Amino acid sequence: MMQRREFFRWTGTAALMGAGISGGAAARALAAPGEISQPKPGAKLQLSSQLGVIPGKSLEEKLAKMKAWGFDAVELPGDAPGKVEQYRKAAADAGLKISAVCWGSAGGALVSDDAERRKEGIRMLKEALSAAGELQSTGVIYVPAFNGQTPLTNQEIRKVLLDIMPEIGEHAVNAKSRVLFEPLNRGEAYFLRQVADAAAICRDVNSPGVCVMGDFYHMYIEEPSDFAAFVAGGPWLHHVHLASRRRVLPGQDERSFIDGFRGLKWVGYQDYCSFECGCDGDREVEIPKSLAFLRDQWEKADLPG
Ligand code: MG
């Protein structure tokens, strides 16, 4: 019987994987949960911001202000591929690193139902990865599709990503960069809402050039636990967006960052936490207050034991 034969084929493969005989993707995928069951030492809070919320008339003025306020890095917008030298020089002159390049979805091109649009999307993402590598940033923030950008179902989008991401990941590794999947809340994207779901895609793609980030604003809506979200994302987590519940500065409403920071400490987080938010009130006063609030939340985020 066909069903019976398929059953035996499946159990045979499972037995090989369990015995550690098959190498490569399957063996690595099975190993991942073990990597995150123990805390890793050495986590650091390194602060960054997108340019929009920073006051100043020019790029240079904004960066100088950020340095004076104690930021470690700046997060660049999606126009970075055409302005690599300008951004590289401005950040270096200000004494700031570049955290990530916030690129987006290219209108959902990579998961379009049109093969030509997919090809063009892949070309554009590769170009952004090359720029992000030249800028020594941690990676390119990528959203597969905002709501309404593709007629494909969630199941179909995931399959397309597993098809196209190995090659994009290889390009990213060669460019010394990585794709950073950004999960969003359901109001913006039904596909990819939780950090663990993005991490499971990374586990299946199995490329060091394909990783995840978490955004405290979206996480407040979608995650039952900030700690659990970051722990699940741990081996693949390379960027974090900071915003309060109302998407203003951290500290400007009741949103706590302690549980999430505990998760970052658990996974030994080495990358940046970056403002992606608005501001209530005078930015000159409120931004330094928010930085102090975040450093205090980090101190309060003790790991048990
Ligand atoms: Mg975000």
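No experiment lies behind these values; they were computed from the predicted model shown. In listed order, ligands and their atoms are each counted from 1.
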Within less than 2.8 Å of the Mg ion (ligand 1), how many protein N/O/S atoms are there?
4

Which class fits the ring pair F71 and F275: parallel under 30°, tilted 30 to 60°, perpendicular over 60°?
perpendicular

Is any side-chain heavy atom of K119 closer than 4.5 Å to a side-chain heavy atom of I122?
no

Find out whether S207 and V179 are in side-chain contact, i.e. whether some heavy atom of one side chain is under 4.5 Å from a heavy atom of the other.
no

Taking the side chain as everything from C-beta on, heavy atoms only, tell me whether K159 gets closer than 4.5 Å to L162.
no

K265 to W298, cation-pi by 6.0 Å centre distance and 45° axis angle:
yes

Minimum side-chain heavy-atom gap R158-F191 below 4.5 Å:
yes

